[in-house]
2 protein chains.
Amino acid sequence: MSQQHVLSTPQASAKPLRRDAQRNRDAIVAAARKAFAEQGLDASLEGVAREAGVAIGTLYRHFPRRLDLVEELFTAKFTELLAASEEAAAMDDAWEGFCHYLEKLCQLQACDRAFNDLVSARLPLHALGRGMFERAGERAAQLFRNAQEKGVLREDVTPEDLAFVIWSQAGIIQATRAVAPNAWRRHLHLMLDAFRAQCAHELPEPPLTPQQVDQTLTTLECPEEECRECHEEA
Amino acid sequence: MSQQHVLSTPQASAKPLRRDAQRNRDAIVAAARKAFAEQGLDASLEGVAREAGVAIGTLYRHFPRRLDLVEELFTAKFTELLAASEEAAAMDDAWEGFCHYLEKLCQLQACDRAFNDLVSARLPLHALGRGMFERAGERAAQLFRNAQEKGVLREDVTPEDLAFVIWSQAGIIQATRAVAPNAWRRHLHLMLDAFRAQCAHELPEPPLTPQQVDQTLTTLECPEEECRECHEEA
DNA sequence: CCTGAATTCGAGGGGCCCCTCATGTTAGCG
DNA sequence: CGCTAACATGAGGGGCCCCTCGAATTCAGG
């Protein structure tokens with residue numbers, strides 16, 4: 001139960017890649033990390049290959065679909081996020097835990113444009129990171145309810161309103177990245193004030209339902225989603 | 001000095017377009033309005049021409065640069081916004097005026113993806129609508145300070161923080177458009193609560209400076225900006 | 001060293017888009 | 001009605017990108 005750690009470093013698990021292949025793979029991953037962080041999920045794969053000093057065919061050999069590359073890059077980040085949610089859950093003060101989690105989440109968003117795209121509805125997340133995002137989300141919902149029970153968090157919001165934090169940060173990070181890379185933190189604390197019980201005024205719209213949030217995360221353009229089924233089974 | 005008024009309603013001012021030309025122009029504008037509203041500022045011009053039942057060359061004859069088309073489409077919206085800022089200024093209650101303006105602004109963002117792109121830093125706004133956005137912004141800043149003097153608006157925010165509203169709404173509208181087209185209103189009212197004096201907690205980051213906001217609005221990728229200079233003067 | 005399997009290469013087909021320009025068409029004035 | 005300036009057309013050059021596949025290369029075990 002401790003031996004079989006399912007790390008996603010594939011050079012360990014599947015087959016020990018040939019040495020040159022491993023080298024290329026690493027170069028691709030490195031280049032991709034940079035390109036995705038800077039340009040977001042739509043980064044050009046040809047650009048990545050170029051940057052990695054590798055032919056485009058090689059990139060496709062290692063990562064047949066864009067999503068495979070994304071997965072390789074971001075399971076680590078989702079693990080980090082999951083860890084943060086656990087740290088937060090372990091904290092004494094419910095509100096503090098809540099803040100801690102959100103701070104971490106937003107920080108991850110701010111550091112990486114593709115991650116920002118990712119959590120703000122740009123790809124079928126279910127496919128990624130073994131549902132870690134969902135698990136982190138559930139833990140966050142727990143924190144949320146704890147804080148509500150303590151009376152620090154206003155009553156008329158639901159865990160679904162956390163999506164607002166993610167989405168709004170997506171916009172702000174996007175806009176301020178170049179000029180004021182820490183501005184998002186100011187906005188986060190404004191939103192935290194909005195979530196406090198003390199100053200709750202009636203809200204004009206009902207909260208999103210969990211289903212709506214779910215739809216939002218998947219409705220987006222992603223041609224591969226069905227391809228995942230009709231992939232290989234003959 | 002008054003004759004050479006450079007109004008942008010070209011059918012009235014410059015030269016009465018030939019009838020067929022006017023018809024085509026109108027068709028292009030209509031198609032463009034739709035395409036931009038749905039797809040944002042990057043909408044394909046070839047698509048617009050196709051939709052308008054017109055050859056691509058015709059589109060370029062009427063609107064040599066993409067920005068010309070954008071300008072045609074959006075001065076109306078900026079006028080609306082400016083009007084809203086005046087209505088708001090005329091209101092008795094400072095806070096109410098403040099809300100009114102923001103509501104209108106966000107509504108405009110929500111209705112049109114390109115407008116959303118536009119106000120959230122996707123193009124050199126200075127070029128557009130004869131600085132109407134700036135004027136509306138100044139009026140909004142006035143409302144802002146009024147509300148602060150009355151003590152309803154917290155003291156530690158500045159008019160520059162209004163940019164957060166725009167940017168965050170940009171993200172939220174983008175994400176929820178398909179599934180919950182009115183969700184932005186809920187978020188707006190959360191943010192309004194954040195701006196209230198009652199529940200102000202210390203903010204960790206300083207506000208943006210006006211210069212930073214300005215940079216944010218122009219730093220973005222816009223290859224035409226220099227072309228505006230080296231356009232025609234020989 | 002040799003050989004076969006694994007890996008790499010990169011040209012090339014397809015797609016979408018931007019923008020130009022030589023050629024053909026038309027409106028509308030005289 | 002006829003003529004000309006204004007207008008419309010759409011093929012075509014250039015760009016960037018996705019992804020495939022047969023030929024060439026390289027690793028590594030025998």
Side-chain angles (χ1 to χ4, degrees), chain A residues 10-11 14-32 35-36 38-70 114 123 221-228 230-232, chain B residues 10-11 13-32 35-36 38-70 114 117 123 221-228 230-232:
Chain A
Q11 60 274 48
K15 289 173 191 177
L17 280 177
R18 233 169 67 176
R19 213 178 277 136
D20 59 340
Q22 184 65 50
R23 203 176 343 115
N24 281 338
R25 193 192 149 96
D26 291 347
I28 291 169
V29 169
F36 277 81
E38 283 168 8
Q39 307 166 51
L41 278 183
D42 301 322
S44 151
L45 296 187
E46 298 209 305
V48 169
R50 216 176 305 134
E51 180 75 16
V54 136
I56 183 65
T58 303
L59 188 152
Y60 277 96
R61 151 166 279 266
H62 286 288
F63 305 99
R65 293 162 315 152
R66 186 184 209 84
L67 207 57
D68 298 323
L69 186 47
V70 171
L123 222 61
E221 53 272 318
C222 44
E224 22 264 339
E225 63 190 1
E226 39 240 72
C227 299
R228 294 193 72 77
C230 58
H231 193 41
E232 279 195 318
Chain B
Q11 61 273 53
S13 65
K15 289 170 191 178
L17 281 177
R18 232 170 65 177
R19 214 178 275 135
D20 57 340
Q22 183 65 51
R23 203 176 343 115
N24 281 338
R25 193 194 149 94
D26 291 346
I28 290 169
V29 168
F36 277 82
E38 284 169 7
Q39 306 166 50
L41 278 183
D42 301 322
S44 151
L45 297 186
E46 298 210 304
V48 169
R50 215 176 305 136
E51 180 76 15
V54 136
I56 183 65
T58 304
L59 187 150
Y60 277 96
R61 152 168 279 267
H62 286 287
F63 304 99
R65 293 162 316 151
R66 186 184 210 85
L67 207 56
D68 298 322
L69 186 48
V70 171
D117 287 354
L123 223 60
E221 52 273 317
C222 43
E224 23 264 338
E225 65 190 359
E226 41 239 72
C227 300
R228 294 192 73 78
C230 59
H231 193 42
E232 280 194 318

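Every chain is numbered from 1, with letters handed out A, B, ... down the list of sequences.
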Gap separating the CG atom of A:L59 from the CZ atom of A:R25, nearest 0.5 angstrom:
10.5 Å
Do the side-chain N or O atoms of A:S44 get closer than 4.0 angstrom to the phosphate oxygens (OP1, OP2) of D:dC18?
yes
Check for a donor-acceptor pair, side chain of A:R66 on one end and backbone N or O of A:L41 on the other, with a separation under 3.5 Å.
yes
At under 4.0 Å between heavy atoms, what does A:L45 touch on the DNA or RNA strands: base, sugar-phosphate, or nothing?
sugar-phosphate
What's A:R61 touching, base or sugar-phosphate or nothing? Going by heavy atoms closer than 4.0 Å.
base
If you compare every side-chain N and O of B:H62 against the phosphate oxygens of D:dC7 (OP1, OP2), does one of them come in below 4.0 Å?
no
Quick check: on DNA chain C, is the nucleotide nearest B:G47 upstream (toward 5') of the one nearest A:G53, or the reverse? Name the residue that is more 5'.
A:G53
Just to verify, which of B:H62, B:E51, B:R61 counts as forming a side chain to side chain contact (heavy atoms under 4.5 Å, CB included) with B:I28?
B:H62
On DNA chain D, nearest-nucleotide positions of B:R18 versus B:T58: which is more 5'?
B:R18
Taking the nucleotide of DNA chain C with the nearest heavy atom to each, does B:Q39 or A:G57 sit closer to the 5' end?
A:G57
Rounding to a whole Å, what distance do you find between A:Q22:CD and C:dA6:C1'?
14 Å
Could you check whether A:D68 pairs with A:R65 (Lys NZ or Arg NE/NH1/NH2 to Asp/Glu carboxylate O, under 4.0 Å)?
yes
Using whole Å, what does the distance between atom C1' of nucleotide C:dG10 and atom OH of A:Y60 come to?
14 Å
Mind checking A:R50 for me? I need base, sugar-phosphate or nothing, with any heavy atom below 4.0 Å counting as a touch.
sugar-phosphate
When you get a sec, tell me which of C:dC9, D:dT20, D:dT9 is the closest nucleotide to the side chain of A:V54?
C:dC9
Presence of B:N24 side-chain N/O under 4.0 Å of D:dC7 phosphate oxygens OP1/OP2
no
Rounded to the nearest angstrom, tell me the gap between atom CZ in A:R23 and atom P in C:dC9.
10 Å
Nearest whole Å is fine: how far is C:dC16 C1' from B:E51 CD?
17 Å
Please report the shortest heavy-atom distance between A:A27 and A:A52, naming the atom on each side.
O-CB, 3.6 Å
Atom CG of B:D20 and atom P of D:dA8 are separated, to the nearest Å, by 5 Å
Nearest-angstrom distance from the residue atom CG of B:L59 to P of C:dC21:
17 Å
A:L17 CG to C:dA6 C1': how many Å, rounded?
10 Å
Can you measure B:E46 atom CD to C:dG15 atom P for me and round it to whole angstrom units?
15 Å
